[in-house]
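FYI, side chains are in, hydrogens and waters are out, and symmetry mates aren't considered; it's all heavy atoms of this structure. Just so you know, residue 1 is the first one in the sequence shown, and it goes up from there.
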Amino acid sequence: MRRNGWHLADEGGAVTLARRWPARFDLAVETRLPSVSGRVRLAHHVRQDLWRALRGLRGFTPCIRIEEDAGATRLVAGGQLDAGGARGAALARIAALLDDPETRARWTRWS
């Protein structure tokens, strides 16, 4: 389903949010969060923060995938990267975002 310029797919319990479809994860970092009920809301929150962290990265389009896994929420954040270059730095920035305790608490609280 496409809404507000974003593709949202619910595939057997996994939610994928992407600007372009099919979703492509040229960059991807994974983390686990406590179980949340609002996976779509979580996907949008993470997407917004990911975009803010990487908005200067040319050719980047964010993608988020969320699924429940053994009583926790598995989150994959990353996206499509059309331009070459700062791949390592981008992965480090994504990892730093996903590891930030305050951001994780906010995501969990609002999801």
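At least one donor-acceptor pair closer than 3.5 Å links the side chain of T73 to the backbone N or O of P34.
Minimum heavy-atom separation, V46 to A77: CG1-CB, 4.2 Å. Looking at every heavy atom in both residues, A23 comes nearest to T16 through CB-CG2, 3.8 Å. The two atoms that bring P62 and W51 nearest to each other are CD-CE3, 3.9 Å, heavy atoms only. Contact detail for A90 and L27: the closest heavy-atom pair is CB-CD1, 3.8 Å.
No continuous path of hydrophobic side-chain contacts links L81 to F25 [ILVMFWY only; heavy atoms under 4.5 Å]. When hydrophobic clusters are built by joining Ile, Leu, Val, Met, Phe, Trp and Tyr residues whose side-chain heavy atoms come closer than 4.5 Å, directly or via intermediates, L97 is grouped together with V36. Following chains of ILVMFWY side-chain contacts shorter than 4.5 Å, one cannot reach V76 starting from I66, and the two form parts of different hydrophobic clusters. There is a path of hydrophobic side-chain contacts, each under 4.5 Å, that joins L42 to L50. Connection of F60 to L91 is established within a shared hydrophobic cluster, with ILVMFWY side chains joined at heavy-atom distances below 4.5 Å, either directly or through further cluster members.
For the pair R93 and L57, the minimum side-chain heavy-atom distance is 4.5 Å or more. With contacts defined as side-chain heavy-atom distances shorter than 4.5 Å, the pair D10/R39 qualifies. In this structure, the side chains of H45 and I64 stay at 4.5 Å or more apart for every pair of heavy atoms.
Under the salt bridge (charged side-chain N to carboxylate O under 4.0 Å, His left out) criterion, R106 pairs with D49, sequence neighbours left out.
Residue pairs meeting the salt bridge (charged side-chain N to carboxylate O under 4.0 Å, His left out) criterion with at least one member in residues 60-69, sequence neighbours excluded: E11-R65, R32-D69, R65-E67, E67-R74.
Counting non-hydrogen atoms of other residues, nucleotides and ligands closer than 6.0 Å to CH2 of W110 gives a total of 12 or fewer. Under a cut-off of 6.0 angstrom, the local environment of CZ in R104 is crowded, with over 12 non-hydrogen atoms contributed by other residues, nucleotides or ligands. By the 6.0 Å contact criterion, CZ on R109 is enclosed, its count of non-hydrogen atoms from other residues, nucleotides or ligands being greater than 12.
Interatomic distance, CH2 of W107 versus OG1 of T31, reported as 8.0 Å (0.5 Å rounding). Here the CD-CZ distance, from Q80 to R19, works out to 12.0 Å after rounding to the nearest 0.5 Å. Here CH2 of W21 is found 8.0 Å from SG of C63. Values are rounded to the nearest 0.5 Å.
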